[in-house]
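Atoms considered below: every heavy atom in the structure, side chains included; atoms not considered: hydrogens, waters and symmetry mates. Order of listing sets the numbers, starting from 1, for every ligand and every atom in it.
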Amino acid sequence: MTSMTTLPQPSQLSRPVSNPPAGSLPPIPNPKPRKSTSSDTPRAASPYQASKLRTPSSPKPSLKSPLSTSNSTSNLNAARSASGGRTPSSPDKSLRRTISIASFPQPPKTSSRPSTASSISGIQGIQGATSSVRPQRNSRLSTGTTSSYRSSKTPSLLNGSGEGKFISSGDARDPEASPTHSRSSSAQGSCSTSATTFEDADDAIGKSNSKPKEIKGNVLVSVRVRPDNNSGGETPRNHGEWSIDSRQSLISYRGKEGGDYFYGDKDAPLTCPTVATNRRADNVFNPQENNAKVYDSAAKRLVRRVMEGYHGTVFAYGMTGTGKTFSMQGTATSPGVIPLAITDIFSFIRETPHREFLLRVSYLEIYNEKINDLLSASAANGPAGAPQEEIKLREDSKRGVYATPLKEEIVQSPTQLLRVIARGDHARRTSSTQFNARSSRSHAVVQIVVESRERVPTSSAQDKRAGIAPGGVRVSTLSLIDLAGSERAADDKERRTEGAHINKSLLTLGTIISRLSENKDKQGNPTDRDGRHLPYRDSKLTRLLQPALSGGSLVSILCTIQFTSAVNSHTGETLNTMKFAARAKNNIVSHAKKAEEAYGGGGSDSGSRVLLERYRMEIQALRSQLDTQAKSQAEKELKWDEQQYEKEAQARHEEQVLEMQLARTALKERIEHLNRLILSSKSTGVNNHNSLSAFGRLSRMSATDSGVRSLRSSASQSTLGAGHSSIRPISFMSVNSNDPSSGMLYPGGSFGNEDEYDLGEFGDGKASLQRQVTALQADIGDKNRYISTLERRLLQARRSSHSRMSVGIKTASTTIAEHPDVSALVREKDMEINELRLQLDDKDRMLAALRSAARHRDLAAVTNDSQSPELKSKSGSTAGDADSFAGTNGFIAQSESPIKRLLSDRSEKEEAGKNMDEVSRMLEEMIQSRAENVHNTKHRSIASESRRVSSSAEVPGLNPTAPSWDPSLSPSFRG
Ligand SMILES: Nc1ncnc2c1ncn2[C@@H]1O[C@H](COP(=O)(O)OP(=O)(O)OP(=O)(O)O)[C@@H](O)[C@H]1O
């Protein structure tokens, strides 16, 4: 279903008249482009058969009047502007181009009641855009037709020439003139006002919506005579027994079949053609009159009334091939009642800015007493398509009789509406008959439902939003019906079946119309004058037309006939049509009321069918839903924002905690690592080997495998020893962890046999040793500080890299900690620390050795001063032993004899000399090693510094935190 939208505002649709669209009219449904019920049925020879389009059997141009030769559009223009600004008939092609859906009449500038004149003025404007002739709105009223009609007392017949006659004839019943006609006739008093022109009190007293007005009167019945193909192009006044006086709405037959038949009043005074009589005619259209003229006279006013809120029905009745479809649909160049009504509907909408409209359309056919929805998908697939759900007729007190279920499409533009109808028309069944190459085999009903409501003033748009309901909705229906043609029995079985159904329904229609009365039975059902029920239910057609025939709507009947000079002229059929027209005119009495305004969208069935109201309520409900949703959405967003903020804060907090944890972990790891290094170093040197002498350990480590670090220390110590004196102090040799006694002898880590240390270069270099000790102590202090600085910087670097990771470098696939430069730097620093640790250990040991040596020397010096050289040496040794071995020397001194002591003294001295040499050598090695270490470290520092600088340049931000060797921290490393 076409989606519903608010109909375009007139302002949106308005186009400057001066700028007509160049587009052409959207394809008007070609008459009968329909499926054939029997495609293989041989068609009767017809001049139109070759063409898919229905070719108007118009008279030859030479015989046409200037008006009649032009197509319907030009005629529409010409007829409407007959009194002024008439455009000379133009070729069909150019005229077709000029009519564009987009160039519909513009809404009036004022909100005054829309007038037909304004509408026509709009059309003229469009056409004038092409023809460059734009008749003035007033000129039409002041000149030409109307005055001509009023002044003309002479009836003009069709055989006359010149437009005066035509205009006079036409304008007598032209809706533009009809108000004057109707009102003047009413004023004159001598003419009946019951002539159906669909005027009501509104027109007389001005606009008033206060109370629905009732239009009373007979239906509008028009007779259209189709041109005769066999007339040789002539337009005779008399067609054999038939004669037409269109001005007098008179058709007479003086044949043998039944005497004289008159449609119209042959006795009526010519000056008052609408005199009250039961045989008064409304319209008789001669063969030259075109579709536009037919529409203007027979349907235009009714369509306008429908737009104002009345129900209206227009149907074409007549024998097959007489021009019903031609009149209702028309052709591309001569649009019929349906397309012209559509044009008018939208014109009316544009001219009525104070109301809003909603249009929906349905299209059904009654074929063989079965209702088919021509808009359903299955209908589009033709009879062979999926079977449709059975459509039934139901009755409702408000809606009357209606078909259900029926697809209704909401339309928003004439193009859309025309397309929908074209689609339905395509699905309608046609086939070739004796009289019509493309005969309609079904009754087709186009139903346009018009919903309208007072528009809410723009100023109170807020009220609209707030849900203040505008006025009620008025629903009216326009039914445009193209009946199938009555026909004689056909040869083909299928045609016979169709014909039987068609004839039966038309017969029922005729019967009902002939028996129509205003009588009703006790239940309120319509009866004939004798109180008999009217057989509406005998056919689907009459059942569907019941509301209209009962007087509930305005009705306009177009009866089509054809006079032919052919031998098999169907005079009987034509006479039947004439009788039907006369009965309809006499019997159908319309008392249509303007539909009441409906309120509410949900309650009653009729209420729920008012889409405008339903949509309004739906829009309102959706709007409030939207508001609620917007509110809750805003709340949700606020909540979400808060949650996000909290989450972010939480994440930040967690990140910080993590960072702290990482920092702590790193710190701990570092501490552990450093501790491990220290312990490992100690354990390697002290615990594992249970040795007090680093030198002893070092010498052994060269032969044992005690781990990388021990090996490194060993290696460095070995290097220290290279190129030095081979003299090894005995005391050092004896200090062996594998020797328990010696181990026990050095609990304080001091060297043994230190009484001999006064000999050799160390004995002589007391001051220099002292200086070395001091220097080494300072060195150790420096290194300790350096280590702590390194640790601090490392920590900072880690912390910084973590925070960087969390802030900005999260996207990097590798973390800073994993950055090769940083890791290399860290590794390097680790190594540096290790080495420094090792050096520290070495220094410790060296310091201890030096201290011990210094003590021995001091002791020796004291002993020498107080004893003989031998005793001095001995007692010094003993004292040294006693001192070194924690008080055991006293026992040694007492237990040994003097000779033995002398012998041993000599050997001890030799040994002491050796030991001193060894110590000196080792010290030299150590000093050398230290010097080399310092040199190496310095080199490494410089290298690492340069690397760090380059890596810092690569990793911005690392520079300030990267640990670096500050030479100022360790002045001892400068050299
Ligand atoms: N007033 C007209 N002027 C020119 N051609 C006409 C006119 N009326 C009818 N025709 C032509 O006559 C042929 C038959 O007309 P149409 O199909 O409208 O008849 P119908 O009454 O609808 O027939 P059926 O009942 O079989 O459908 C068509 O080719 C049509 O173009």
Report yes if G323 has an N/O atom closer than 3.5 Å to an N/O atom of ligand 1; otherwise report no. yes

Find all atoms of ligand 1 within a distance of less than 4.0 Å from any non-hydrogen atom belonging to M319, and give their numbers and elements. 21 (O)

Output the list of atoms in ligand 1 that are nearer than 4.0 Å to some heavy atom of S440, sorted by atom number. 24 (P), 26 (O), 27 (O)

Which atom pair, heavy atoms only, marks the closest approach of G312 to L302? CA-CD2, 3.9 Å

Side chain or backbone of P227 under 4.0 Å from ligand 1, or both, or neither, by non-hydrogen atoms? side chain

Proximal ligand 1 atoms for G485, defined as those under 4.0 Å from one of its heavy atoms: 25 (O)

Worked verdict on L541 versus L506 for side-chain contact (heavy atoms from CB on, under 4.5 Å): CA-CA 8 Å; L541 174 68; L506 292 175; 4.3 Å; yes

Start with the C-alpha gap between K370 and I391, add the side-chain angles, then the distance that decides, and say whether side-chain contact (heavy atoms from CB on, under 4.5 Å) holds. CA-CA 8 Å; K370 187 174 174 275; I391 296 169; over 6 Å; no

With only distance considered, is F326 within less than 3.5 Å of ligand 1 through an N or O on each side? yes

So is T322 close enough to ligand 1, meaning a heavy atom under 4.0 angstrom away? yes

Near K324 (heavy-atom distance under 4.0 Å), the atoms of ligand 1 are 18 (O), 19 (O), 20 (P), 21 (O), 22 (O), 23 (O), 24 (P), 25 (O)

Please confirm whether R224 approaches ligand 1 to less than 4.0 Å, judged on its heavy atoms. yes

Is it true that T325 and S440 share a donor-acceptor pair across their side chains at a distance under 3.5 Å? yes

Any nitrogen or oxygen of D482 lying under 3.5 Å from a nitrogen or oxygen in ligand 1? Just yes or no. no

Any S347 side-chain heavy atom under 4.5 Å of R304 side chain: yes

Parallel, tilted or perpendicular, judged at 30° and 60°: which one describes the rings of F580 and Y317? parallel

Looking only at distance, does T560 have an N or O less than 3.5 Å from an N or O of ligand 1? no

R226, any N or O under 3.5 Å of ligand 1 N or O: yes

Checking E408 against S362: is there a side-chain donor and acceptor pair closer than 3.5 Å? no

Distance in Å, D425 CG paired with L375 CG, rounded so as to fall on 0.5 Å steps: 10.5 Å

